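Numbered from 1 within each chain, the chains take letters A, B, ... in sequence-line order. FYI, side chains are in, hydrogens and waters are out, and symmetry mates aren't considered; it's all heavy atoms of this structure. Here the structure is a predicted model, which means the values were calculated and not measured.
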Amino acid sequence: MECVVEGIIETQHVEALEILLHGLCGVPKEHLKIHEFCLRSGPNLGVVASELRILCDLEQPKPTWTVRHVGGAMRGAGAEQLSVLVRSVTESKISKNALRFFYALGYKLDHELLKVGFAFHFQKGVPITVTVTSVNKMLKLHATDEAVPVTPGIQLVEVTAPASADNYSEVVAAISSFSEYLAPLLHLSKPGVSAGVVPTAAAAAASLMSDGRDDAGQSLEQNCCKGVNGYRLPGNQTEPEPLSPILDPPHISVPEQEPLRT
Amino acid sequence: MPIKWLLHWQPNAGTTVNSQILTEVSQCVESINGAKGGRWKATLTYYRPILRDQSAPTEYPRDLLGISLQDQPNKYYFIIRGQRIVLEADLTIQTIMEKSQSYKARVSLYFEGFQYQLGDFQLRVGKVVPIHSENLRGIIMEVEYLPLSSLDKSRQIMDDFLDIWQETVSGRSLPGHFMHIEPNFSEYGLSDQYSSQHTAIQYATAMAQLIAAGRN
């Protein structure tokens, strides 16, 4: 199982998002270049039509291959209430003849994508991965060198974390909490429920970038400890600190706790 | 990894395999000073496509085999012999196959027995039985030569070993003999350097031979 939220951001603000993520995570980013093949079962094959994704990691010196099955999302009233999608996901590393194998089984290529960007892997109580990618389509079959963006000027942000039936509520809470940090730049929601870009993005990005310029002589690590544009981030911090007034979005308001009555 | 040949017991025409033969074969290994070690096991599963319309003609392979090997406990292998494809994956590929509901595991067979150490050779002799049954379907033997991993370079010594082994077994006047059929690994895109994928292909080939022998 995994917990996931997605959002979009204008490419012009991606650098600011990267600065923010670096500050929040305290780990270096990893470059990402994934050739993704979406396969569908052929006619008459299977109880119902099925879909598999074959991922080829082009960032590795020798490309590595993975097959990924995304199952149904958790259902029920409780799941509806969650701001994070909880779904079943199974992955397996696979040898490089993966495509030939699944074609032989009767799967057909539905579409292919090239996702280029970066990822941060870090711990916030649970292991979380944030990917920021430009999603490209190929004009000719498998021609990754001639890929063009599906949505020019817009990039996809995904926040995922592995979960199990026992701990998913804890993971959902961790992702929700982390998403709040990014709220000034982008809105994260369940996949397929796009909320578009956020109006505060330009101001938040400008603010983050100017902070980056002010601290031009310092390393990002120092930025991280000093705080990125008002995000106070001690190096070993795990719990979210309140957001700065400039970036604090109106919808994230923590009500004051009522005094205990005895 | 060390080169390995997989041999299967080919019964003489009109005879069938039985557990007495397995016992005698094991005694043969001990008679040439094979030191008995631990147990060994491999599992082979036949998969069939799940079709919505059973009557419609199908182009989907009916010879998909899944194999798990003891020396690669985190890996799973798929073979489509008709198309000369061998695939290496994690164990979770079985869950993916199950969840995608396009192919179903139908029959599984165990290959199980004991390991023997004989100098630079590691021998594994065992029975082939369906899961949940003691119905003997065949006898299988792995001959592994630890110092070499090149198929070409090891061919001479493997041939020599096989000659000695055949001679030892023939002394018992058993109704059959061991056969080695080397698949054309290059057709599967594999090199001369031995790997677990070579082993998986050998199991698929040996199984096809056992089935053919069972029909005769």
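Scanning residues 95-128 of chain B against chain A with a 4.5 Å non-hydrogen threshold yields B:T95, B:I96, B:M97, B:K99, B:S100, B:Q101, B:S102, B:Y103, sorted by number. Using a 4.5 Å heavy-atom cut-off against chain A, no residue of residues 141-156 of chain B qualifies as contacting. At a heavy-atom cut-off of under 4.5 Å, chain A is reached by B:F78, B:I80, B:Q83, B:R84, B:I85 from residues 78-85 of chain B, listed in order of number.
The heavy-atom pair separating A:L99 from A:L39 by the smallest distance is CD2-CD2, 4.1 Å. Minimum heavy-atom separation, A:Y103 to A:H142: OH-CE1, 4.5 Å. Minimum heavy-atom separation, B:R52 to A:V48: NH2-C, 4.1 Å. Taking every heavy atom of both residues into account, A:V132 and A:L21 meet most closely at CG2-CD1, 4.0 Å. Across all their heavy atoms, A:M138 and A:A147 have their closest contact at SD-CB, 3.8 Å.
Two residues are said to be in side-chain contact when any heavy atoms from C-beta on lie closer than 4.5 Å; B:L7 and B:L162 meet this criterion.
For the atom pair A:R87 CZ and A:E2 CD, the distance stands at 4.5 Å (nearest 0.5 Å).
With hydrogens and angles ignored, the 3.5 Å screen pairs a side-chain donor or acceptor of B:T15 with a backbone N or O of B:N12. Judged by distance alone, with hydrogens and angles left aside, the side-chain atoms of B:Q202 form a donor-acceptor pair with the main-chain N or O of B:K4 at under 3.5 Å.
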Assess whether side-chain contact (heavy atoms from CB on, under 4.5 Å) is satisfied between B:D90 and B:K75, documenting all intermediate values. CA-CA 5 Å; B:D90 294 342; B:K75 296 286 180 198; 3.5 Å; yes
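Ring centroids of B:H180 and B:F178 are separated by 6.0 Å or more, keeping the two rings apart.
Most heavy-atom pairs under 4.5 Å with chain B, from the set A:S88, A:A49, A:S95, A:G71: that is A:S95.
Residue A:E51: no heavy atom, backbone or side chain, is found under 4.5 Å from chain B. For B:L64, the part sitting under 4.5 Å from any heavy atom of chain A is the side chain, from C-beta outward, and nothing else.
Judged by the 6.0 Å distance and 45° axis criteria, A:K29 is positioned over the aromatic ring of A:F118.
Side-chain N/O atoms of A:S83 and A:S176 include a donor and acceptor closer than 3.5 Å.
Under the ring-ring contact (aromatic ring centres under 6.0 Å, His included) criterion, B:Y60 pairs with no residue, sequence neighbours left out.
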